Amino acid sequence: MAGLTVTLPDGSTKDLPQGSTAADLAAAVGPRLLRAAVAALVNDAEADLCTPLADGDRVAIVTATSDEGRKVLRHSTAHVLAQAVLQLWPGAKFAIGPPIENGFYYDFDLPGGASFSEEDLARIEARMREIVAEDQPFVREEMTRDEGLTTFADQPYKVEIIEGVEPGEGATHGAVSAYRNTPAFIDLCRGPHVPSTARLGSFKLMRVAGAYWRGDERNRQLQRIYGTAWESDKALQEHLAMLEEAERRDHRKLGAELDLFHFPPEIGGGLCVFHPKGGLVRRLMEDYSRAEHEAGGYQFVFTPHLAKSTLFERSGHLEWYADGMYPPMEMEGATYYPKPMNCPMHMLIYNAGQRSYRELPLRLFELGTVYRFERSGVLHGILRARGFTQDDAHIFCTPEQLAPELASLLAFVIRLLRAFGFEEFEAELATRPDKFVGEPAEWDQATDALRHALEVAGVPFRVAEGEGAFYAPKIDMHIRDAIGRRWQMSTLQVDFQLPRRFHLEYTGADNARHRPFMVHRALFGSIERFFGILVEHYAGAFPTWLAPVQVRVLGVRNDHDEAARSLARRLGDEGFRAEWAAGDEPLAARIRRAKMDKLPYILVVGDDDIAAGTAGVNARGAERPERGVAAEAFIERLRHEVDNRLTSPS
RNA sequence: GCCCUCUUAGCUCAGUCGGUAGAGCACAGCCAUGGUAAGGCUGGUGUCGUGGGUUCAAUUCCCACAGAGGGCUCCA
């Protein structure tokens, strides 16, 4: 019998006997690859390892340590979860169970509308481990639509999915595919899957949640179980450790511990108060932002928190964004709303006089506090609040100025974020959605300008097709924090709608009236949110220039208190935030207290220091304390560190 | 808003199979005077989230509500 030849991703070829499968190919390349293999890409299509290969196929083996491979593992683990739940809750209906970032979930409809409790997770997980130990094969079964409908006749959600399958989608020739583990358990699925459940095992069920069928709250609410799954126990443990680290850095926890802010229930959900220490950090952030904006040619404006409904009718907010707004207030026959955005008010400032092209670009900046109605369930500390302050600006410019303006804006964003210790940036260019207003030509012009700006700035970006706002394309800047988490930060949007709605004009060099382009941009986005991200990024250990207290001076004994106080006062006179602590506890205890307060510097003064005009310097993060540092030298060092805003995330 | 979990001292938590509660840290006082991550002793501290119900008796059991956390949904 003739053999067959397949091409590997590196371009090399491999000759195999007729009838060989992807698994055989992996084995032929090497036993290590076979062990790591979970699926294959055959001519760029995902396939099971048991897929027979044909002569001339291009084949790549998908290994468990790749993103694709983990998806397969997670998806297969989701099937095991479904089998366990269906066995433990006879009569349960199962819906969908896809892989997601770091794991998977599965949605169920339990008999009698029952719900899972946290305790159920242990039982389910135990059953899952039995299924893994049973080494059940994943066997693909192709069937016609009608056969599928018969097979899953008692599973209404599966029936709905099959009925929704477009001819030719997912499965070939109007057929559907399913994977069977046991005679009793089969799940509708596109695949691919690992060959057998024995290939799984490094997983953990995490939590239960309610989730609506097809994500639509008009539909029935299902019971969702989330799990995480990895290629090895080591990777699983690393992931769990990362979650613990994230918990340790939680801004809500640190916010309370470090006395930065809190959310008094008396004020209302999603509305926070900043304590003196948090307020100090916030003021430093804002001062820095103001100084940078001033240097960047922005002019500062101030606008009120409320406006009449007519303003938001004109801006379109009431038409498009009413669900996100606080409810109206009636007064003297007019209806007022708290503002959800600052832009309409900035439009009015633009329109306060006749504008000339000589004034453009006009950059109006405001630390503007806005209120948005967020449903109670989505609030998340300071990262998702109902009242927050945007570092908001609107730039009005001529069409020719748009591209250079966007390019310098991107450079501005990156400079600002770098000052706060962020080094990794990724952007998304969100383009025209299906539902949009305006002219396609305008969209293209604005989108090209945004793309050009990204290219000039050298920021890596991906295009998010159709994810722009209905009125404009935008760039979303993402950063990575100290433990690799990605956060969406700054937004730059080119808006055609508001200039039109507010009839913005300027007189050009040609003495004719023109409509300006307008860019919305918020760099921190929300001051509160950025503050929360900083807390998590630095794990509460703010860099010296931002630390609420920069130095605490300790005397070795309490008869050194006066020397400690005097040194702290001297540092204060030099413009630093320094305090001293009385020697009513042993030195080691006071050192520990200062360390737990995450202070950048602890100074210790004893007999030797008083005699020599020096101090012991215990810097945060240093291996060992330094002795006998001259006070002047320390002041210079501190000044250098603060003036240059040196950062070192913990 | 919906599903799950939680709410006991300033903080973290234990506890009472129904008889109004404890520990560590923190705080206060005294003693210790210690050169780089917890010295000792003593002491005060609670409407057990709120409201109702069952009961001789509720922090404990039941119901409702509020708040918090994890999700869903939405995100101009």
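The sequence lines fix the lettering, A, B, ..., with proteins before strands; numbering per chain opens at 1. Bear in mind the structure is a predicted one, so any value in this text is a computation, not a measurement.
Between Y226(A) and Y106(A), the distance separating the two ring centers is not shorter than 6.0 angstrom. If you look at Y157(A) and W213(A), their ring centroids are closer than 6.0 Å. Annotation: W487(A) is not in aromatic contact with H478(A) [ring centroid separation under 6.0 Å not met].
Residue A211(A) is classed as a sugar-phosphate contact, given heavy-atom separations below 4.0 Å to backbone atoms only. Counting non-hydrogen atoms under 4.0 angstrom, D495(A) reaches nothing in the nucleic acid. Here R375(A) lies in heavy-atom contact (under 4.0 Å) with a base. Across all strands shown, D323(A) has no heavy atoms under 4.0 Å from either base or sugar-phosphate atoms. Heavy atoms of Q223(A) sit under 4.0 angstrom from primed sugar atoms or phosphate atoms, though from no base atom. Heavy atoms of G324(A) sit nowhere under 4.0 angstrom from any nucleic acid atom. Using a 4.0 Å heavy-atom cutoff across all strands shown, Y226(A) reaches sugar-phosphate atoms only and no base atom. Note on R384(A): a base of the nucleic acid sits closer than 4.0 angstrom, heavy atoms only.
Electrostatic pairing of K204(A) and E125(A) does not count as a salt bridge here, judged by no charged N lying under 4.0 Å from a carboxylate O. A salt bridge links D476(A) and K474(A); the closest N-O separation between the charged side-chain nitrogens and carboxylate oxygens is under 4.0 Å.
A salt bridge (Lys or Arg N to Asp or Glu O under 4.0 Å) with E536(A) is found for exactly one of R249(A), R529(A), R485(A), namely R485(A).
The same atom, C1', is picked in G15(B) and in C74(B); the two are 43 Å apart, to the nearest Å. For U55(B) and G18(B), the C1' atoms lie 9 Å apart once the distance is rounded to whole Å. Distance check on atom P: G1(B) versus C61(B) gives 26 Å, rounded to whole Å. Straight-line distance between the P atoms of A37(B) and G24(B): roughly 24 Å, to the nearest whole Å. Spacing between U45(B) and G22(B) at atom C1', rounded to whole Å, works out to 13 Å. For U42(B) and U5(B), the C1' atoms lie 41 Å apart once the distance is rounded to whole Å. Between the P atoms of U20(B) and U16(B), the separation comes to 14 Å (whole Å).
What separates NE2 of H317(A) from C1' of C74(B) is a distance of 16 Å, to the nearest Å. In this structure, CG of D597(A) is placed 17 Å from P of C25(B), rounded to the nearest angstrom. As a whole-Å value, the separation of W213(A) CH2 from C3(B) P is 20 Å. The distance from atom CD of E623(A) to atom P of A37(B) is 13 Å, rounded to the nearest whole Å.
For A14(B), there is no paired nucleotide, since no Watson-Crick or G-U wobble pair has both relevant distances below 3.5 Å. Summarising the base pairing, C56(B) is matched to G19(B) through a Watson-Crick or G-U wobble pair whose two defining distances lie under 3.5 Å. Under the Watson-Crick or G-U wobble criterion, with both distances below 3.5 Å, G34(B) is left unpaired in every strand shown.
Under 4.0 angstrom from either OP1 or OP2 of G70(B) there lies at least one side-chain N or O belonging to R252(A). Checking the phosphate oxygens (OP1, OP2) of C74(B), no side-chain nitrogen or oxygen of R372(A) falls inside 4.0 Å. For H380(A), a side-chain nitrogen or oxygen approaches OP1 or OP2 of G70(B) to under 4.0 Å.
At a cut-off of 3.5 angstrom, counting only N and O atoms as typed in the model, there is a donor on one side and an acceptor on the other between the side-chain of D609(A) and the base of G35(B). On a pure distance criterion of 3.5 Å, a polar donor-acceptor pair joins the side chain of Y212(A) and the base of G1(B).
Between F530(A) and F524(A), the ring-plane angle classifies as parallel under the 30° and 60° cut-offs.
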